[in-house]
There are 2 protein chains.
Amino acid sequence: MIDNLDQAILDALLLNARTSYAEIAKQHGVSPATIHVRVEKMRQQGIITGAKLTVNPRALGFDVCCFIGITLARAGDYPSALKQLQALPEVVEAHYTTGQYSVFIKVFVKSIDDLQHLLIEKIQPIDEIQATETLISLQQPILRDISVAQ
Amino acid sequence: MIDNLDQAILDALLLNARTSYAEIAKQHGVSPATIHVRVEKMRQQGIITGAKLTVNPRALGFDVCCFIGITLARAGDYPSALKQLQALPEVVEAHYTTGQYSVFIKVFVKSIDDLQHLLIEKIQPIDEIQATETLISLQQPILRDISVAQ
DNA sequence: CCTGAAATCCGCTTATG
DNA sequence: CATAAGCGGATTTCAGG
C-alpha cells in the first residue's frame, strides 16, 4: 500500500512539515514532482490529513496538562456527556475507553486554580458524570509521532 | 504578550500550517511581510516550535490506541524506566503524573495482538515496573489543539 | 509511474515611512 | 513596527517517455 519512498516522505514531513519537496527529492534521487504526486496520493488515501503548527503550551501560559478519568452514571449517557465536554475548549482529547473509566479526557489549563475551576464549575456539574479522577502531568518526557517505519 | 493578530495567525496555522502568509494577511488587512515578522517573533519567543504533518493512524494500520498507567516499584526507578520506554516506538507520549500511577503513557499499535505482545514482551519485563493498567480507546471523539483565543 | 521544463505563487530580505 | 518591491526558490502542472 505504501512503499519505502512514501514512508520516507512521511518521516520527513512528520518531523518538519516545512521540509521542501525539493530537499526530500534530492535525498532520495527522485524529482520534486514525484514527491508532490506521492503526497497528493497519500492525501487522497486519507493517510495525510493535513499539517499543523506545533506550539509550546507553556509559552502560551498553559502550564498545567492533565488527564481526567470520568465515570458516567449510566453507559447510555455517553452522547450527552460528550456534547457538553465538547463545549469546553480546555478539553483537547476525549476517548471512550474500556477499563475503569467510561470517558478519558486530556485537558490544558493555565493554572491549578483554573483546573479546580474547570472541575468544580464545568465538569462535575455535568449531570451524567458520576465521578472524576484527575492525573496531573508533572512532566512530559516523551512526545512524538507514530513511527511509520516498520 | 501576544495580540489579536498573533492569535489569529496561530488559529489559522494551527488549523492548517500550509495557509499562506498572503492569505492570512488579506483576511486581516495587513501585508504578508507583517505576518512573516509576527511568525518569526513567536518562533523566537518559543511559542511556535515547528510544523508537523498530521496523519490518520488508522489509515496506516494503527487501529489500536490506548493508555497504560504504570506503577513503579520505587519512585527512584523513574529515569531508568523512562529510558526503556523511550526505546519502544509504539510509545508516543509519556507523562510523569500525580495520582495512582507513576508514569502514564499513550501507545499506538496495529492490533490487539500487538498490544498484548507489547505489554507482555516489552513493557512488563521492565524490571522497575511493578504493575500496569491498560485503558483501550474504543473511539476518539475529540482531538484538537489548545484554544489560543481567550 | 516518473520526469523535466514552464509558469505561478510564495517566502524572505531590504529599504523606507 | 508596518509596508512595498524584488529576488530567489518552491510548488504545481502538463506533455512526453
Side-chain angles (χ1 to χ4, degrees), chain A residues 1-62 110 144-150, chain B residues 1-62 110 144-150:
Chain A
M1 183 163 164
I2 74 170
D3 64 10
N4 289 337
L5 179 57
D6 290 329
Q7 279 190 12
I9 293 170
L10 288 178
D11 278 340
L13 294 178
L14 279 172
L15 208 60
N16 177 10
R18 295 208 172 242
T19 309
S20 76
Y21 294 175
E23 189 179 325
I24 300 173
K26 200 192 302 176
Q27 283 171 10
H28 296 92
V30 295
S31 77
T34 299
I35 307 296
H36 181 253
V37 169
R38 295 298 192 99
V39 168
E40 251 352 272
K41 200 179 63 185
M42 287 192 280
R43 194 183 305 272
Q44 276 163 16
Q45 286 175 331
I47 294 174
I48 293 176
T49 56
K52 290 188 170 192
L53 206 68
T54 53
V55 297
N56 177 359
R58 284 175 191 269
L60 286 166
F62 291 88
K110 300 203 173 191
R144 60 189 175 197
D145 286 294
I146 288 176
S147 167
V148 180
Q150 41 175 339
Chain B
M1 182 163 163
I2 75 170
D3 65 11
N4 289 336
L5 180 57
D6 290 329
Q7 280 190 12
I9 293 169
L10 288 178
D11 279 341
L13 295 178
L14 280 171
L15 208 60
N16 176 12
R18 294 207 171 240
T19 309
S20 75
Y21 294 175
E23 190 178 324
I24 300 172
K26 200 192 304 178
Q27 283 171 9
H28 296 91
V30 296
S31 77
T34 299
I35 308 297
H36 181 254
V37 170
R38 295 299 191 98
V39 168
E40 248 355 270
K41 200 179 65 185
M42 287 192 281
R43 195 183 304 274
Q44 277 163 17
Q45 287 175 330
I47 294 174
I48 293 176
T49 56
K52 289 189 169 187
L53 205 70
T54 53
V55 297
N56 178 358
R58 282 175 193 271
L60 286 166
F62 291 88
K110 299 203 171 190
R144 62 189 173 197
D145 287 294
I146 289 176
S147 167
V148 181
Q150 39 176 338

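In what follows, chains carry the letters A, B, and so on, assigned in the order in which the sequence lines appear, proteins first and then strands, with residues in each chain numbered from 1. No hydrogens, no waters, no symmetry mates; every other heavy atom, side chains included, goes into these values.
- Counting to the nearest Å, the P atom of D/dC1 and the CG atom of B/Asn4 are 16 Å from each other.
- Distance CD1 (A/Ile2) to P (C/dC1): 14 Å, rounded to an integer number of Å.
- As a whole-Å value, the separation of B/Gln44 CD from C/dC12 C1' is 14 Å.
- Computed from coordinates, the A/Arg18 CZ to C/dC10 P distance equals 13 Å when rounded to whole Å.
- Proximity of A/Thr34 to the phosphate of C/dT3: a side-chain N or O atom is located under 4.0 Å from OP1 or OP2.
- Taking only side-chain atoms of B/Ser20, from C-beta outward, the nucleotide of C/dG11, D/dA4, C/dT3 with the closest atom is C/dG11.
- Minimum interatomic distance between A/Val55 and A/Pro57 (heavy atoms only, all atoms of both residues): O-CD, 3.2 Å.
- Remark: of the listed residues A/Leu14, A/Asp6, A/Leu10, A/Leu10 is the sole one forming a side-chain contact (heavy atoms from CB on, under 4.5 Å) with A/Ile48.
- Within 4.0 Å of B/Val37, counting heavy atoms only, lies no atom of the nucleic acid at all.
- The nucleotide whose nearest atom lies closest to any side-chain atom of A/Ala33 is, among C/dG4, C/dC1, D/dA2, C/dG4.
- Between C/dC1 and A/Arg38, no contact under 4.0 Å exists linking OP1 or OP2 to a side-chain N or O.
- What separates CZ of B/Arg43 from C1' of C/dC12 is a distance of 12 Å, to the nearest Å.
- We find that NZ of B/Lys26 is positioned 12 Å from P of C/dG11, with the value rounded to whole Å.
- Between the CD1 atom of B/Ile9 and the C1' atom of C/dG11 there is a distance of 14 Å, given to the nearest Å.
- Here the closest heavy-atom approach between residue A/Val39 and residue A/Tyr21 is recorded as CG1-OH, 3.6 Å.
- Put simply, the residue from A/Leu53, A/Leu60, A/Asn56 that forms a side-chain contact (heavy atoms from CB on, under 4.5 Å) with B/Ile47 is A/Leu60.
- When the P atom of C/dG11 is taken as reference, atom CD of A/Glu23 falls 17 Å away, rounded to whole Å.
- Among C/dC10, D/dT12, C/dT3, the nucleotide with an atom closest to any side-chain atom of B/Ala22 is C/dC10.
- Closest to the side chain of B/His36, from the set C/dT13, D/dT11, C/dC10, is C/dT13.
- At a threshold of 4.0 Å, the pair A/Glu23-A/Lys26 does not count as salt-bridged, since none of the basic side-chain nitrogens sits closer than that to a carboxylate oxygen.
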